[in-house]
S.K.: 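Encoded as structure tokens, here's the structure I'll be asking about.
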Amino acid sequence: MDKHKQDKTEKEWYEFWEKSGFFKADPSLSKKPYSLLMPPPNVNGELHLGHAMQQSILDALARFKRMQGYDVLLLPGVDHAGIIFESTLNKQLSKEGLSKQKLGYEAWMKRAWQFKEDVYNSFHKTWTFLGISADWSREVFTLEPKVAKATFEEFKTFWEQGLLYKGAYIIQWCPKCGTAIEDLEMEYVERKDQLYYLQYGPLVIATTRPETKFADTAVAVNPKDKRYKEYVGKEFEIQTLNGPRKMKVIADDAIDPKFGTGAEKVTPGHDLLDYEIGKKHDLPILHVINKEGRLTELAGKYAGMKVEEARGAMLPELKEKGILIKTEDYTHSVPVCERCKTTVQPIISEEWFVKMKPLAEKALKNLDKVNLLPKNYHKILTDWYKEIHDWSISRSLWWGHRIPVWYCQKCNPQHEVSKDKGMVISLEKPTQKCLICQASDWIQDEQVLDTWFSSGLWPLATLGWPDKTRELDRYFPWDFELTAPEIKYLWIARQIMLSLWFKGQIPFKNMFFHGTIRDPKGQKFSKSLGNGINPYELVETWGVDATRMALYTYSAPGRDARTSRRIMDERCKNFRNFGTKLKNLHRFIFELKPKDAATSSDFSHEEDTEIIQWLNGLTDSVTKNLESYQLHLAVEDLYDFIWHKFADSYVEWSKKRRAEAQPCLEYVYKTCLELLHPFMPFITEELWHKLPHEGKSIMVAAWPEAGIPAK
RNA sequence: GGGCUCAUGGCUCAGUUGGUUAGAGCGUUGCAUUCACAUUGCAAAGGUCCCAGGUUCGAAUCCUGGUGAGCCCACCA
């Protein structure tokens, strides 16, 4: 062994693999395909420990299947992540004293693409140092033309099938992000507020939001509530800050008689429940909150104030006019934007929607064709599909796929949406004339599509759909896909619906939900809490292979993990030591090989038989556990075998018959490296190269099979 | 208000379809060391597998109830 030969660095090995073309899918007909789809991380911020685990899992499976002789496609990509991308970029801009408005569309877009490029490069660095063996030649970004084409097809098809509609509905609006968001993009925070009791004619109602009083159009009670029976259907004059107004008392089942006084003000313009009540009772809709979260002219002298500001400002007047009877402390959950934590305002806005019921029904019928891990996700998704509601797909952002709808300026200045209005569905500016008025003055819908509208097509768009490509034929449905649990509805449920709807097939055969890595208290890691662990630092301290191994120990499907930098260090250190063990074994077996070492053996010595039997057991269990995606078990078995059974037991025994045991030592050692390669790609490659071997790399060595080795 | 998941030695976690003295790593204690490896080896201590019932020849594992923790969903005015 040439001791002076410098070992390759991890970066050099990575380049060697990449240059050798080992990462590329090889659609030659002789090999069976195995496809894995990388969940595209958001181009925003850095990859965290969860990403590192997710991608290490993908990589282990890809390497395993490759060694088994499959044509493996591990397709990588990145998501443009509309809302969170804009919010991050705009935050950055505001630090420079800039803003979206100040820059204007063109300049902002330029900055956006630059920002995207920076994040992209940092992702690539992370992927490289983690050793991810993805086919980079097929990498996809969700804003590229390929995805635009697929998204357009999706939109157009929905339109033709009558599943798409646009209209003014009550939606959740984030004043800070300046866009509609979905329920799924909101979270609730507990807040201590006041419950205000207000006089409404003869009744007293309780509300946390007195500022919406300006937009009330009725008072409602429960029809079974005896206290108020006599008032129902009657109209009363009530005192408001803009003078007296007439208002009707209506009865609706949705009112909880136990809340407050049992009587409620109804504000159809700014409350989801009230909107429904308003629809049923044909109430007018008033707007007192605008899209910036400020009160409208309807609020008189309070117009222009922010919601919470106005609430405080109007209290003295309410009290003075005798409208405010009393206040109570009240703790409740307030909906905030998941991205920027701003209080969400329900308002009426013109948005696009997709009718989801038929898609959900199809998904329900086919869900059992997807192997969901852990399998209780079957019920979780089923329950969601059963109660699906329409998908609000428009966002008032710049970063995203523009809605491919063009309005005729001349005959449809209101941008109305209907088959007999001047509008065209088209990706590019239409060249034809308006069918209604013969003009050709087109203007595109200003909004962009929800990120998930394109991400939902990820399994299809990445393979070139709607074109009938060879890749789509060969790699779809995907053999394996994995994700974090928090996007099970936003992403997974939708991928299933969309694939079934457009392709008639499930998108993936195996769907793996990994757990969430949390801090010791069980909280999620987050930038704001500052409790994050940077995978970079772990890799720098302990090496990639050790870090990957530590992550695999947390990879049991559906299991959350609690950890800390200290615990990660502990685990990483352990596997770093394991790596050292491997190197020392190599030294013992190969560098200190006795001169009279046997060159062949029938492995009939009882110690040889024993270790080979154990090794066969290991091969079977690692193979089985990889095939059932239980990487944590495979890693445990490998560790136990190599350290305790092989090094501590067999190698010790072998010392008394060192020369004779050589073939068995070599055989067991080499097999171990191969079994370990999917998990610890770098060290196994480095050591394997120092062994007598056939082939260019352990990456393309054949996966071991249990059995008596050939003599 | 519904639903899901978890509860195993000081800490972080394994434990396949119920089957002999319940495992690992870290930590702790003792011993060893010119031996491939102190980034080591050997050994030891440490668990009524949350509680109470039930099914079974047999339960950490299955069922019921309870307690505690976490998560998800829902139009908490």
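We name chains A, B, ... by the order of the sequence lines, and we start the count at 1 in each one.
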S.K.: Round to a whole Å and report the spacing from OH of A/Y377 to C1' of B/rC73.
M.R.: 13 Å
S.K.: Give A/L585 one of three labels, base, sugar-phosphate or nothing, depending on what nucleic acid heavy atoms sit under 4.0 Å from its own.
M.R.: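 Base contact - A/L585 has a heavy atom under 4.0 Å of at least one base atom.
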S.K.: Whether the A/D390 and A/Y169 side chains hold a donor-acceptor pair (N or O, under 3.5 Å, no angle test) is what I'd like checked.
M.R.: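 Absent: no donor and acceptor within the cut-off.
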S.K.: Let me know the distance between CD of A/Q172 and P of B/rC73, rounded to the nearest Å.
M.R.: 13 Å
S.K.: Just how far is it from atom CG of A/D383 to atom OH of A/Y489, taken to the nearest 0.5 Å?
M.R.: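 Those atoms lie 7.5 Å apart.
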S.K.: Measuring only the P atom in each nucleotide, how far is B/rA69 from B/rG23? A whole number of Å is fine.
M.R.: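 The same atom, P, in both gives a distance of 32 Å.
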S.K.: Polar atoms only, N or O, under 3.5 Å: list the protein pairs with nucleotides 19-22 of chain B and their distances.
M.R.:
none

S.K.: Is B/rC35 paired to anything, Watson-Crick or G-U wobble with both distances less than 3.5 Å, and if yes, which nucleotide?
M.R.: none
S.K.: Tell me which nucleotide, if any, is Watson-Crick or G-U wobble paired with B/rC11 when both distances must be under 3.5 Å.
M.R.: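 The answer is B/rG25, by the H-bond criterion.
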S.K.: Given the P atoms of B/rU8 and B/rA52, what is the spacing between them in whole Å?
M.R.: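 It comes out at 16 Å once rounded to the nearest Å.
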S.K.: Using whole Å, report how far CG of A/N574 lies from C1' of B/rC26.
M.R.: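 The distance from CG of A/N574 to C1' of B/rC26 comes to 7 Å, rounded to the nearest Å.
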S.K.: So does A/K645 have more than 12 non-hydrogen atoms from other groups sitting under 6.0 Å from NZ?
M.R.: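 Enclosed.
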S.K.: Between atom CZ in A/R587 and atom P in B/rU39, what is the gap in whole Å?
M.R.: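 Roughly 14 Å, once rounded to whole Å.
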S.K.: Taking B/rG46 as the reference, what is the distance to B/rA22 when you measure between their P atoms (whole Å, please)?
M.R.: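 Rounded to whole Å, the distance is 13 Å.
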S.K.: How are the rings of A/F578 and A/W643 set relative to one another: parallel (under 30°), tilted (30 to 60°) or perpendicular (over 60°)?
M.R.: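 Because their plane-to-plane angle is under 30°, the rings of A/F578 and A/W643 count as parallel.
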S.K.: If B/rG68 has a Watson-Crick or G-U wobble mate with both distances under 3.5 Å, name it; if not, just say none.
M.R.: B/rC6
S.K.: A/H644 and A/D640: side-chain donor and acceptor closer than 3.5 Å?
M.R.: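 Looking only at side-chain atoms, A/D640 and A/H644 do not form any donor-acceptor pair under 3.5 Å.
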S.K.: Could you tell me how far apart A/E276 (CD) and B/rC75 (P) are, to the nearest whole angstrom?
M.R.: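 In whole Å, B/rC75 P and A/E276 CD are 10 Å from each other.
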S.K.: When you compare B/rU17 with B/rG25, how far apart are their C1' atoms, in angstrom units rounded to a whole number?
M.R.: 28 Å
S.K.: If only side-chain N and O atoms of A/N577 are considered, is one of them under 4.0 Å from the OP1 or OP2 phosphate oxygen of B/rU40?
M.R.: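 Yes, such a contact exists.
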S.K.: Atom NZ of A/K488 to atom P of B/rC4: distance rounded to whole Å?
M.R.: 13 Å
S.K.: Tell me, which of residues 643-653 of chain A have any heavy atom that sits under 4.0 Å from an atom in RNA chain B?
M.R.: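 Of all residues in residues 643-653 of chain A, the ones placing a heavy atom under 4.0 Å from RNA chain B are A/W643, A/H644, A/A647, A/D648, A/V651, A/E652.
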S.K.: Using only heavy-atom distances, determine whether the side chains of A/H281 and A/D252 contain a donor-acceptor pair under 3.5 Å.
M.R.: yes
S.K.: Give one of base, sugar-phosphate or nothing for A/Y669, where a contact means two heavy atoms less than 4.0 Å apart.
M.R.: nothing
S.K.: Charged N to carboxylate O below 4.0 Å: is that the case for A/E607 and A/K656?
M.R.: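 Looking at A/E607 and A/K656, the cut-off is met.
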S.K.: Looking only at atom C1', what distance separates B/rA74 and B/rU56, rounded to whole Å?
M.R.: 41 Å
S.K.: So which one's nearest nucleotide on RNA chain B is more toward 5', A/Y489 or A/D274?
M.R.: A/Y489
S.K.: Sort out the partner of B/rG18 for me: Watson-Crick or G-U wobble, both distances under 3.5 Å, none otherwise.
M.R.: none
S.K.: Looking only at the side chains, is there a donor atom on one of A/E328 and A/Y197 sitting less than 3.5 Å from an acceptor on the other?
M.R.: yes
S.K.: Looking at residues at least two apart in the chain, or sitting in another chain, which of them share a side chain to side chain donor-acceptor pair (under 3.5 Å) with A/H693?
M.R.: none
S.K.: Could you verify whether a donor N or O on one side chain and an acceptor N or O on the other, from A/T553 and A/R571, lie under 3.5 Å apart?
M.R.: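 Yes - a donor-acceptor pair under 3.5 Å links their side chains.
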S.K.: Please determine, for the side chain of A/N584, which listed nucleotide (B/rC75, B/rA36, B/rG3) has the closest atom?
M.R.: B/rA36
S.K.: Tell me, for nucleotides 5-15 of chain B in 5' to 3' order, what letter each nucleotide earns: B for a base near a protein heavy atom under 4.0 Å, S for only sugar-phosphate near one, - for neither?
M.R.: SS----SBSSS
S.K.: Side chain of A/L272 only, heavy atoms from C-beta on: which candidate in B/rC75, B/rG3, B/rU40 is closest?
M.R.: B/rC75
S.K.: If the condition is side chain to side chain donor-acceptor pair (under 3.5 Å), which residues does A/D216 pass it with, not counting sequence neighbours?
M.R.: A/Y200, A/K265, A/T267
S.K.: Go through the structure and list residues passing side chain to side chain donor-acceptor pair (under 3.5 Å) with A/T623, not counting sequence neighbours.
M.R.: A/W703
S.K.: Which part of the nucleic acid does A/Y275 contact within heavy-atom distance under 4.0 Å: base, sugar-phosphate only, or nothing?
M.R.: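 No contact.
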S.K.: With a 4.0 Å cut-off on heavy atoms, is A/K624 in touch with a base, just the backbone sugar-phosphate, or nothing at all?
M.R.: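 A/K624: base contact, heavy atoms under 4.0 Å.
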S.K.: Write down the distance separating the C1' atoms in B/rC26 and B/rG9, rounded off to the nearest Å.
M.R.: 13 Å
S.K.: Whole-Å distance between B/rC37 P and A/K581 NZ?
M.R.: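 Answer to the nearest Å: 10 Å.
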S.K.: Which comes earlier along RNA chain B counting from the 5' end, the contact point of A/L592 or that of A/V334, where each point is its nearest nucleotide?
M.R.: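 Upstream on the strand: A/L592.
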S.K.: In the strands shown, is B/rG46 matched to any nucleotide by a Watson-Crick or G-U wobble pair with both distances under 3.5 Å, and which?
M.R.: none
S.K.: What's the gap between B/rA60 and B/rG2 when it is taken at their C1' atoms, as a whole Å value?
M.R.: 30 Å
S.K.: Does a donor on one side chain and an acceptor on the other come within less than 3.5 Å for A/Y228 and A/N222?
M.R.: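 A/N222 and A/Y228 do not have a side-chain donor-acceptor pair below 3.5 Å.
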S.K.: Between A/K690 and A/E591, does at least one N-O distance fall below 4.0 Å, as a salt bridge requires?
M.R.: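 Result for this pair is no, no salt bridge flagged.
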S.K.: Say we look at B/rG47 and B/rG10: how far apart would their P atoms be, to the nearest angstrom?
M.R.: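 Taking atom P in both B/rG47 and B/rG10, they lie 8 Å apart.
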S.K.: Watson-Crick or G-U wobble partner for B/rA59, using a 3.5 Å limit on both distances?
M.R.: none
S.K.: Rounded to whole Å, how long is the line connecting atom CE of A/M568 with atom P of B/rG25?
M.R.: 18 Å
S.K.: Taking the six-membered ring for Trp, are A/W614 and A/W653 parallel (under 30°), tilted (30 to 60°) or perpendicular (over 60°)?
M.R.: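 Because their plane-to-plane angle lies in the 30° to 60° range, the rings of A/W614 and A/W653 count as tilted.
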S.K.: Which part of the nucleic acid does A/K265 contact within heavy-atom distance under 4.0 Å: base, sugar-phosphate only, or nothing?
M.R.: nothing
